[in-house]
Amino acid sequence: MLNDALFQEACSALCEADPVLAKIGKAYGHPPYWQRSPGFVSLVKIILEQQVSLESAKAHFLKLKSRVPDMDPALLAGMSDAAYFDCQVSRQKASYLRHLSHAVLDGSLQLELLERMPDDEVMHHLCRVKGIGRWTSQVYLMFCLSRPDRFPEGDIAAINAIRQLYPETRAYSLPEIYQFASRWSPRQTVASFFLWWWYLRSKNRKIPDYSRLD
């Protein structure tokens with residue numbers, strides 16, 4: 001698992017090994033060590049972040065939280081499509097949040113046990129819930145469980161960053177991109193943070209203020 005010291009060591013090692021990441025570090029400094037609290041609320045947020053901007057997802061979450069302040073799975077499971085729509089949550093994501101809530105309520109998904117599982121088992125358990133795929137489970141591993149060697153498959157920002165920063169990859173298929181990313185193993189998580197950091201800074205996007213309280 002990553003911690004503050006290991007994260008900075010990984011940043012330095014990646015900059016020594018990869019001239020492109022070194023240029024990002026020189027231009028913008030090392031990326032933040034983004035973390036989120038493990039558990040139900042963070043997983044709700046990650047589901048809301050699927051295929052939309054972080055700003056939009058945050059706005060939708062805040063509307064949802066204004067309706068269900070304690071983010072009680074039982075209340076989320078019982079909400080109607082209309083109630084979710086009032087929170088700007090699509091019917092599809094409403095379905096996903098209900099499936100997640102039911103899985104937590106019936107014990108088929110015990111989030112507290114994931115911290116002790118290897119990465120592949122975490123992904124297996126999470127992906128059994130409708131609406132949670134490889135991207136969602138990998139982001140949970142990276143941000144909530146501080147696993148050091150994950151790449152967020154399907155992440156448009158990370159994939160486009162690779163294609164822009166490494167010209168030889170511009171015609172690569174997605175499997176080839178993922179194979180390319182494996183060059184950063186066992187530090188793929190930290191390399192992905194560099195890619196996101198470059199994407200956000202180079203495009204003057206708002207920097208997420210994640211913390212263990214997020």
Side-chain angles (χ1 to χ4, degrees), residues 34-115 119 122-145 147 150-161 174 178 189 192-193 195-196 199-200 203 205-214:
W34 286 306
Q35 296 174 282
R36 308 176 86 160
S37 299
F40 178 75
V41 175
S42 286
L43 201 44
V44 167
K45 291 179 179 180
I46 296 169
I47 288 173
L48 292 175
E49 289 165 2
Q50 294 172 356
Q51 299 181 322
V52 300
S53 69
L54 294 175
E55 292 88 348
S56 295
K58 183 175 182 179
H60 301 164
F61 175 78
L62 291 176
K63 286 183 178 292
L64 188 60
K65 188 172 176 62
S66 70
R67 191 179 188 101
V68 186
D70 60 356
M71 300 304 291
D72 182 350
L75 295 178
L76 292 180
M79 280 177 58
S80 66
D81 284 345
Y84 275 109
F85 186 77
D86 286 342
C87 301
Q88 297 184 325
V89 177
S90 69
R91 180 177 296 178
Q92 183 179 55
K93 287 187 179 177
S95 172
Y96 295 166
L97 294 180
R98 288 195 203 95
H99 281 285
L100 170 63
S101 299
H102 283 299
V104 170
L105 291 168
D106 66 22
S108 58
L109 178 62
Q110 299 182 52
L111 292 170
E112 67 278 5
L113 300 183
L114 300 183
E115 296 183 51
D119 290 7
V122 171
M123 293 187 65
H124 172 72
H125 277 72
L126 287 174
C127 288
R128 291 186 303 178
V129 179
K130 183 178 180 181
I132 296 180
R134 293 185 65 82
W135 179 86
T136 302
S137 57
Q138 286 164 341
V139 169
Y140 190 86
L141 281 163
M142 297 165 76
F143 284 84
C144 301
L145 300 184
R147 302 298 173 85
R150 307 306 311 181
F151 182 81
E153 296 177 19
D155 189 273
I156 294 173
I159 291 166
N160 286 345
L174 287 181
Y178 305 149
T189 295
S192 299
F193 281 23
L195 299 175
W196 279 324
Y199 176 83
L200 293 167
K203 299 185 182 303
R205 303 291 290 271
K206 185 176 181 180
I207 308 301
D209 184 22
Y210 295 142
S211 72
R212 279 297 186 190
L213 299 178
D214 181 54

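In this model, no donor atom of one side chain and acceptor atom of the other lie less than 3.5 Å apart for Arg91 and Tyr84. Between the side chains of Ser192 and Thr189, no donor N or O sits under 3.5 Å from an acceptor N or O.
Under a cut-off of 6.0 angstrom, the local environment of CD1 in Ile156 is sparse, with at most 12 non-hydrogen atoms contributed by other residues, nucleotides or ligands. Around the CD atom of Gln51, the shell of radius 6.0 Å holds no more than 12 heavy atoms that belong to other residues, nucleotides or ligands.
We find the OG-NZ distance between Ser95 and Lys130 to be 4.5 Å, quoted to the nearest 0.5 Å. Atom CD1 of Ile47 sits about 11.5 Å away from atom OG of Ser42, to the nearest 0.5 Å.
Between the side chain of Lys93 and the backbone N or O of Gln50 there is at least one donor-acceptor pair closer than 3.5 Å. Glu112 contributes no side-chain N or O that, together with a main-chain N or O of Gly39, makes up a donor-acceptor pair within less than 3.5 Å.
Taking the charged nitrogens against the carboxylate oxygens, Arg98 and Asp81 do have a contact shorter than 4.0 Å, which makes a salt bridge.
Phe143 and Trp196 have their aromatic ring centers within a separation under 6.0 angstrom.
Taking Asp119 as the reference, Arg147, Arg150 meet the salt bridge (charged side-chain N to carboxylate O under 4.0 Å, His left out) condition, with sequence neighbours excluded.
Within the 4.5 Å cutoff, the side chain of Met71 has heavy atoms near those of the Leu64 side chain.
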